[in-house]
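Below: one structure, written as structure tokens.
Proteins get letters first, then strands, A, B, ... in listed order; numbering begins at 1 in each.
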There are 2 protein chains.
Amino acid sequence: MDWESFYDTHPSPSNYESTITTVENFVCSHENKKMVLITSGGTTVPIEQNTVRFVDNFSLGTRGSASAEYFLEAGYIVIFLYRSNSLEPFVRHFNNSLLDKLEIVDDKLIQVKQSELDTLFPILKKYKDAKNDNRILTVPFTTLIEYMWLLRGSCMLMDTKYSLLYLAAAVSDFYIPPNEMAEHKVQSRDGPPVIALRLVPKVLYAVTHIWAPNAYIISFKLETDSGILEQKAKGALIKYKHQLVIGNLLHTRKHNVKLIAQNGVIEDILLTETDIKKGIEIEDLIVSNVKAKHDQFFESQN
Amino acid sequence: MDWESFYDTHPSPSNYESTITTVENFVCSHENKKMVLITSGGTTVPIEQNTVRFVDNFSLGTRGSASAEYFLEAGYIVIFLYRSNSLEPFVRHFNNSLLDKLEIVDDKLIQVKQSELDTLFPILKKYKDAKNDNRILTVPFTTLIEYMWLLRGSCMLMDTKYSLLYLAAAVSDFYIPPNEMAEHKVQSRDGPPVIALRLVPKVLYAVTHIWAPNAYIISFKLETDSGILEQKAKGALIKYKHQLVIGNLLHTRKHNVKLIAQNGVIEDILLTETDIKKGIEIEDLIVSNVKAKHDQFFESQN
């Protein structure tokens, strides 16, 4: 199995044991409740061992961070496995021009401006409620290796029908083996480097067959070429035998996704102009749809 | 000149004209005042034309964003040319666990918690003052091409002895020419791609000789191998004839930098354990030192 040799040759990151213990404690404190693992953001693949340069995947983490909010609203317990510095649920609404949303009051206090309160108050309220009830755990990663270890560890802790795995992270397909990495920063005087990449093993097979075969599993496909999206999604469902692929194209992903199910049924989720003007996010519709599918799956397992 | 052909083959980004007009208006509104251009954060080099993957440089933007605060304190007008989503002056102090720094008061207001006020109040005050006085302009970039155009445009607007160019961004040494880029996302079924990179032309020569020969110019060198740092810094000073290189090593850059001057003098700036415990940032010391050097340079040009 090529993923086994991948884990054999890439030892766990230094903080892995303590992080996965935190995840374990969180999972144990919510037994027999619907729980979702959301992966979000891109992974990095270092080019040098002392890392200055790396290959990255494009992902702000919008899909994952927005979905986390709607899953909490739908009653799920949420584990949010995300790329450091990518968007986080709730926090994402505060990020833009943060300091311009704040004002100094009476020369001694800092408040969110009145004009921002209508939007930000309910968001902060939901965040505080979720934190106080311990309903969300956020776990950061940066490199592909960190992601691979945390994914395996988390999936193995969530192998029940209560679990939904919502694998939205943009994971690198490629990596550079440690023994082929330069130790120091590659010097430009040596001429431009040629970076030879290797294929990352498809761990989705291990997720669906070994680590969490009892969970409801959703993978994501992002393409730029509409001609190959459905065919690639169907190919993945045949190969990995999981429940659902959510397919999207880079340039329309904010208002259009396709849900491709194991039985071949394809549903289109489309935001209308009116939806967009109202500020409705497509993740709201995705999560409603996915929750219904997980409910049905859950019942069928009884 | 290889940088000329680089600009010829990479047309300006779509929003370039309006951005550089904003910079021009800002510069014109501060005639005959000391002004610093700070570049900060890493650049991306897309691997595909419809960009999903890119090669990135490691940089949170700590050096640039912290320095911007100290330059404002030292009386400079600041243009902060920074990578989108990298650290920004003042904002950086609010980023970590932002929502945990906020509390809901009387079920209708959002305030910064009392326990955070001692730290955050003076920072927000300085931010608001700088904004109200129009003393800072922030200009974001993402790709190498955006950076290259904005750097050239800004430097050409700042070709006076009042200007200090503080080029702290981690700019890629390599790029992939547009005609060699894949149009769509590289497919993994075709096997791992081999990425052939080209050398980015050294525009520092153009900065010092053509775009801003009258400014005081500082470049930065980040290495992982201490054995080559000084030699590379001196090489750059001979080649580009600018005033100062600030050299640092990846693993000690938060508490040790070397200032290597055109005349060969090397100064070490070192934070002591006591400094670190007091919360002193090395950028505070760097900016004081650099300001004195720019003052002296300024006087010598009269």
Neighbour count >12 (heavy atoms, 6.0 Å) for atom NZ, A/K113: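 Counting neighbours around NZ of A/K113, more than 12 heavy atoms of other residues, nucleotides or ligands fall under 6.0 Å, so yes.
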Minimum heavy-atom distance between A/I104 and B/F121, given as atom pair plus value: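 Looking at all heavy atoms of both residues, the closest pair is CG2-CE1, 3.6 Å.
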Validation row: B/Q111, A/L109 side chains within 4.5 angstrom (heavy atoms):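 Touching, per the 4.5 Å side-chain cut-off.
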Could you state the interatomic distance from [atom1] ([X]) to [atom2] ([Y]), rounded to the nearest 0.5 Å?
| X | Y | atom1 | atom2 | result |
| --- | --- | --- | --- | --- |
| B/I110 | A/K128 | CD1 | NZ | 9.0 Å |
| A/K108 | B/K125 | NZ | NZ | 15.0 Å |
| B/E88 | A/S97 | CD | OG | 8.0 Å |

Proximity breakdown for [X] and chain B, heavy-atom pairs closer than 4.5 Å:
| X | result |
| --- | --- |
| A/L117 | side chain |
| A/N85 | side chain |
| A/L120 | both |

Between chain A and each of [options], count heavy-atom pairs under 4.5 Å; write down the option with the most.
| options | answer |
| --- | --- |
| B/V55, B/L124, B/L98, B/V45 | B/L124 |
| B/L60, B/L99, B/T44 | B/L99 |
| B/V91, B/L102, B/L197 | B/L197 |

For chain B, the option from A/D100, A/N95, A/T138 that forms the most heavy-atom pairs under 4.5 Å: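 Ranked by contacts with chain B, first place is A/D100.
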Which portion of B/Y127 sits near chain A, non-hydrogen atoms under 4.5 angstrom: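 B/Y127 touches chain A through side-chain heavy atoms alone.
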